[in-house]
Amino acid sequence: MAEQEAVADNESRPERVHGDAPAAQPNAKPSRDAHAPADSRDQILHRARDLFAKHGYRGTSIRQLTSGLNLTPAALYYHFSGKDDVLSGLLAPMERDGEAVLARIAELARSPDALRDVLDRYYDLLARDIQIFQLVADDVAVQQSAMGQRLRSQARELFAWLVGPSPDADGRIRAAAAVGTIRLSLEQRGVDPELYRETIIGRAMRIMTD
């Protein structure tokens with residue numbers, strides 16, 4: 001992955017969207033222009049998802065995020081304060097899902113049924129967008145972001161629940177193998193998450209309980 005920020009990220013934000021429009025007041029959100037359709041926020045996030053995966057977070061510029069969408073940088077700044085805000089928007093759904101998993105864990109006493117419940121939820125979290133999980137796992141710059149650090153903290157909390165209050169080496173190996181089975185299985189080309197759900201979660205359960 002590229003390790004240097006593209007020069008375009010350092011370009012100053014334009015003060016006006018239209019030449020005839022008055023200058024924006026301090027801290028005011030830029031007005032929407034003709035290059036910012038109603039769904040432009042989702043378009044930017046979708047493009048960021050692909051470009052961050054291909055070039056890395058640091059290797060992707062603001063101009064790259066907008067150039068393929070017929071949008072101006074001003075249109076991006078209508079929705080986001082900068083590239084780090086784009087990353088936060090991209091990771092936010094996984095962060096919310098992670099919080100839901102942790103909230104459920106807090107309600108559960110350890111048991112085989114509880115273990116299956118947690119593995120089900122972890123599977124669903126990854127299956128919703130395994131590419132985003134890979135981005136967090138593989139891109140150091142993403143890991144160092146505020147949202148990336150929160151996602152990694154969630155992963156540690158989940159792992160701590162799986163290994164139990166008095167973990168030994170065997171318990172840690174089992175937990176690592178179980179979550180690894182789910183992740184690596186979902187990363188395989190051609191794997192339909194719904195079709196292989198029971199197979200993958202069942203194997204993770206056996207790893208934890210056999």
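In this structure, I200 CD1 and S185 OG are separated by 4.5 Å, a value rounded to the nearest 0.5 Å. Rounded to the nearest 0.5 Å, atoms CD1 (I105) and CD (Q154) are 10.0 Å apart. Separation of atoms CD (E157) and CG (L102) is listed at 4.5 Å; rounding is to 0.5 Å. Note that CD of Q131 and CD of E187 are 10.5 Å apart. Values are rounded to the nearest 0.5 Å. With rounding to the nearest 0.5 angstrom, the CZ atom of F80 is 4.0 Å from the CZ atom of R41. In this structure, CD1 on I62 lies 7.0 Å from NZ on K83, to the nearest 0.5 angstrom.
A cation-pi arrangement is not found for R156 relative to W161, the charged atom failing to lie both closer than 6.0 Å to the ring centre and inside a 45° cone about the ring normal.
Cluster annotation: V163 is not connected to L119 through the hydrophobic network of ILVMFWY side chains, with a link wherever side-chain heavy atoms come within less than 4.5 Å. A single hydrophobic cluster is seen to contain both M147 and L126, as judged by linkage of ILVMFWY side chains at heavy-atom distances under 4.5 Å, directly or through other members. Put simply, I207 and V118 are part of two different groups of oily side chains (I, L, V, M, F, W, Y) that touch within less than 4.5 Å, one to the next. Criterion: ILVMFWY side-chain heavy atoms under 4.5 Å apart, direct or through other members. Under it, L108 and M205 are part of a common hydrophobic cluster.
Nearest heavy atom pair, residue A114 against residue A109, reads CB-O, 3.2 Å. Contact between R58 and A141 at its shortest, heavy atoms only, is NE-CB, 3.5 Å. Among all heavy-atom pairs drawn from A127 and P193, the shortest one is CB-CB, 3.9 Å.
Contact check for L186 versus Y123: side-chain heavy atoms found under the 4.5 Å cut-off. Side-chain contact check for D124 versus R197: some heavy-atom pair is nearer than 4.5 Å. Taking 4.5 Å as the limit, some side-chain heavy atom of R110 sits within range of a side-chain heavy atom of P165. Side-chain contact check for L71 versus L65: every heavy-atom pair is 4.5 Å or farther apart. Contact of the Y57 side chain with the L135 side chain is not registered, since no non-hydrogen atoms from C-beta on lie closer than 4.5 Å.
Contact check on R116 versus E198 returns a salt bridge, with a Lys/Arg side-chain nitrogen under 4.0 Å from an Asp/Glu carboxylate oxygen. D117 and R121 are joined by a salt bridge, as a carboxylate oxygen and a charged side-chain nitrogen come within less than 4.0 angstrom of each other. Residues D129 and R49 are paired through a salt bridge, judged by an N-O separation under 4.0 Å between the basic side chain and the carboxylate.
When T60, D42, T66, L69 are each tested for a side-chain contact (heavy atoms from CB on, under 4.5 Å) with R47, only one passes: L69.
Of the possible polar contacts, one joining the Q143 side chain to the A137 backbone as a donor-acceptor pair under 3.5 Å is found. One N or O on the side chain of R174 and one on the backbone of D210 form a donor-acceptor pair closer than 3.5 Å.
When the shell of 6.0 Å around CZ of R150 is examined, it contains more than 12 heavy atoms from other residues, nucleotides or ligands. The 12-atom threshold is exceeded at CZ of F159, counting heavy atoms of other residues, nucleotides or ligands nearer than 6.0 Å.
Side-chain contact of Q144 with Q149: a donor-acceptor pair under 3.5 Å is absent, judged by distance alone. Using modelled atom types, one finds no donor on one side chain facing an acceptor on the other under 3.5 Å when comparing Q134 with D138.
Scored by the side-chain hydrogen bond (donor to acceptor under 3.5 Å, both in side chains) test, D113 finds no partners at all (sequence neighbours excluded). With sequence neighbours excluded, no residue forms a side-chain hydrogen bond (donor to acceptor under 3.5 Å, both in side chains) with R206.
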Check: residues 86-98 side-chain donor-acceptor pairs under 3.5 Å, at least two apart:
from: S88; atom 1: OG; to: D84; atom 2: O; distance (Å): 3.2
from: D97; atom 1: OD2; to: R128; atom 2: NE; distance (Å): 2.8
from: D97; atom 1: OD2; to: R128; atom 2: NH2; distance (Å): 3.4

Under the side chain to side chain contact (heavy atoms under 4.5 Å, CB included) criterion, do I201 and Y122 qualify, and how do the steps go? CA-CA 10 Å; I201 298 175; Y122 180 69; over 6 Å; no
